[in-house]
Amino acid sequence: MTEPPAAIRLDRVSKAFGSFRVLDDVSLRIPRGRATVVLGRSGTGKSVTLRHIVGLLQPDAGRVFVDDVEITALSPSALAEVRQRIGFLFQNAALFDSITVAENVAFPMRRHTTLSDGEVRARALEKLAAVGLARAAESMPGSLSGGMRKRAGLARAMALDPAILLVDEPSAGLDPVTSEEIDDLLVALKHQRGTTLVVVTHNIPSARRIADTMVFLHEGRVLASGTAADLERCEHELVRKFMQSEAGG
Amino acid sequence: MPGFVRTVVVSRLASGGRAMIFAGRALREIFRPPFEFQETARQVYELGWRSLPLIAAAGYAVGIVMSMHTRASLERFGAEALVPAVLALALVRETGPLVVGLLVSGRVGAGVGAELGAMKVTEQIDALEAVAVDSFKFLVVTRVVACMIAMPILTAVMNITGIIGGWTAESAVSGMPFETYFRTAFSLVQFTDYVPGTLKTMVFGFIIAVTASYLGVHTSGGTQGVGYAATRSVVTASILMIAANVVLVRLIFFIFPETAE
């Protein structure tokens, strides 16, 4: 089977905050229309990797490509165009807390589409229904639980039907059933719309459900990559332990 | 120079330089599309319209106090008839713009500093960028423009309510009718007294909004950082505004020499 073209490429990316080197010469290739799960212990640069892909962080060295466009060299307006093709679920959801949940989801559509008010509203409710939050549409983000905020954030990330969806810890704060539903939703997006998924998670069962490919980051470097089976057979004990430790859920 | 002093001085200068670049960018972006009309209008409502009760109440109180002081001073020279005109002149030229500046600096400076600070620490600013919205234009430029629009209007309100307050105090003492008071008050006020004083409040608005926005979007350190941002916004904006006022008054005297008479 031939490998699909790359949707995202990181080419020898390094990033440090002060003296702390978070990413150290990281090269990654994320195939289009596939699900790549980024694993690793806390503080190993997983979220920082996602932030580089959407251009929220600039690497100290190296280059980031999205659909073969080097985003590290783009003007702000050109970068904004690329960002319209990317949905990003933040680790803490980062909902706009002064507007309702429905308006949060509608916000990207109001900014970047010519849809009528009614169409925007209908689509926002459709996205919220997909994550099981239709009844919370008129709630303010501050009144939602952590898991509900996460799902609302996912609905907002899906608002523009992005070709690439970056998801930071989708299972955090969710009960196992909802977590599984979100995983199923992500997999359905990949199959039905051909969405490229990059998912950061610590949840191994969730990773197994979602991933076509897994990447294991450790101390700012890619320690291992491949399928779940490849990582289970990996020469590095840390990777094997990580895969086994939560294998049962 | 001891090492730590040098470090502090260099750090302060660097911070000042970054703030200047931020202010320059804000000024430039005001005139560059896309223009966020809807959000700017919302901010005019939030920053301007919602400041109206405070400004009107403060203006009325300031007018009463100024009238009492002015009357006490002018009585010594038997010039009580000049109370309305002196009060109006003082209000329009200096007191109105400066008091509005300080009040807005307190209300809006703290509000903008805290709001943007909270958005920063909860990643809402990053979320705006992630949905392909220029956060600088959407959050900073809209507030700067709104503040620059609102300030002259609020100053006009302050001036009018101040004169009404002055009349209230004066009528209690001398029973002067409102129409007479109003006519006398504006007998000495010229175009060159009113316009420069009111327009300089646009500069105050720029200073307040830019300072609060800069400190807000550079907030770090969680909720404590948000608190610092709010407090520092008020203090820094007030000091900068007072310092700018000195320069602006000198500039107004230079451009409109008759106002110095």
Side-chain angles (χ1 to χ4, degrees), chain A residues 17-18 47-48 50-58 66 71 74-99 103-113 141-142 149 152-160 162 164-168, chain B residues 7 11 14 21-22 25-26 28-29 32-43 45-47 50 108 111-143 146 216-223 225-226:
Chain A
F17 296 108
S47 298
V48 170
L50 291 190
R51 286 173 168 269
H52 276 89
I53 294 170
V54 79
L56 289 175
L57 287 174
Q58 287 286 317
V66 174
I71 64 161
L74 290 179
S75 67
S77 58
L79 179 60
E81 279 180 31
V82 172
R83 281 173 173 165
Q84 288 182 43
R85 303 201 300 271
I86 303 175
F88 189 6
L89 170 61
F90 285 76
Q91 198 167 5
N92 67 0
L95 296 175
F96 306 128
D97 56 12
S98 57
I99 53 177
E103 278 307 308
N104 262 277
V105 181
F107 186 83
M109 290 185 266
R110 294 200 195 286
R111 299 289 308 192
H112 303 299
T113 70
R149 276 203 290 273
L154 181 58
R156 186 180 66 187
M158 299 188 306
L160 294 175
I164 297 168
L165 190 56
L166 311 177
V167 188
D168 200 349
Chain B
T7 308
S11 150
I21 291 169
F22 186 90
R25 184 180 170 198
R28 195 177 63 239
E29 293 289 339
R32 287 169 62 169
F35 303 109
E36 300 278 358
F37 292 115
Q38 201 177 346
E39 181 61 13
T40 303
R42 198 178 76 81
Q43 290 302 330
Y45 171 79
E46 290 290 335
L47 308 183
R50 294 182 75 164
V108 172
V112 169
E115 184 186 11
L116 297 190
M119 288 186 76
K120 169 74 175 173
V121 300
T122 55
E123 295 184 310
Q124 291 177 60
I125 295 180
D126 284 343
L128 269 178
E129 290 287 340
V131 295
V133 172
D134 182 341
S135 64
F136 190 87
K137 268 204 164 299
F138 191 77
L139 297 175
V140 178
V141 177
T142 53
R143 281 161 176 78
V217 301
H218 289 93
T219 298
S220 58
T223 48
V226 175

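A note on names: the letters A, B, ... follow the listed sequences, proteins ahead of strands, and every chain is numbered from 1.
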ask   = Between A/L56 and chain B, which part of the residue has a heavy atom less than 4.5 Å away: side chain, backbone, both or neither?
value =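 Only the side chain of A/L56 comes within 4.5 Å of chain B.
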task = Using non-hydrogen atoms and a 4.5 Å limit, figure out which bit of A/F96 sits close to chain B: side chain, backbone, both or neither.
result = both
request  = Return the option, out of A/V54, A/L166, A/D97, with the maximum number of heavy-atom pairs under 4.5 Å with chain B.
outcome  =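 Looking at each option in turn, the highest pair count goes to A/D97.
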Atom of [X], atom of [Y] and distance for their closest heavy-atom approach:
| X | Y | value |
| --- | --- | --- |
| A/P162 | A/A157 | CG-O, 3.4 Å |
| A/L160 | A/P108 | CD2-O, 3.7 Å |
| A/I53 | A/I86 | O-CD1, 4.0 Å |
| A/A94 | A/R156 | O-NH2, 2.9 Å |
| B/E29 | B/V141 | CB-CG2, 3.6 Å |

ask   = Relative to chain A, which segment of B/F138 carries a heavy atom at a distance below 4.5 Å: side chain, backbone, both, or neither?
value =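 Interface part for B/F138: side chain.
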key: Residue part contacting chain A, namely of B/Q38, when any heavy atom lies under 4.5 Å   =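 For B/Q38, neither part sits under 4.5 Å from chain A.
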request  = Identify the residues of residues 76-84 of chain A whose heavy atoms come closer than 4.5 Å to a heavy atom of chain B, ordered by number, or report 'none'.
outcome  = A/A80, A/R83, A/Q84
task = Decide, yes or no, whether a salt bridge links B/E39 with B/K137 under the criterion of side-chain N to carboxylate O below 4.0 Å.
result =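 No, no charged N to carboxylate O under 4.0 Å.
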request  = Check side chain to side chain donor-acceptor pair (under 3.5 Å) between B/D134 and all other residues, then give those that pass, not counting sequence neighbours.
outcome  = none
task = List for me each residue that meets side chain to side chain donor-acceptor pair (under 3.5 Å) alongside B/E46, sequence neighbours excluded, and say none if there are none.
result = B/R50
message = Donor-acceptor pair, distance only, cut-off 3.5 Å: does the side chain of A/R110 make one with the backbone of A/E103?
response = no
key: Side-chain heavy atoms of B/R143 within contact of B/L116, under 4.5 Å   = yes
Side chain to side chain, A/L89 and A/D168, heavy atoms closer than 4.5 Å = no
query = Should A/F88 and A/L50 be marked as a side-chain contact (heavy atoms from CB on, under 4.5 Å) after you check the CA-CA gap, both sets of side-chain angles, and the distance that decides it?
reply = CA-CA 8 Å; A/F88 189 6; A/L50 291 190; 4.0 Å; yes
message = Suppose a student defines contact as a heavy atom less than 4.5 Å from any heavy atom of chain A. Which residues in residues 120-129 of chain B would they list?
response = B/T122, B/E123, B/Q124, B/D126, B/A127, B/L128, B/E129
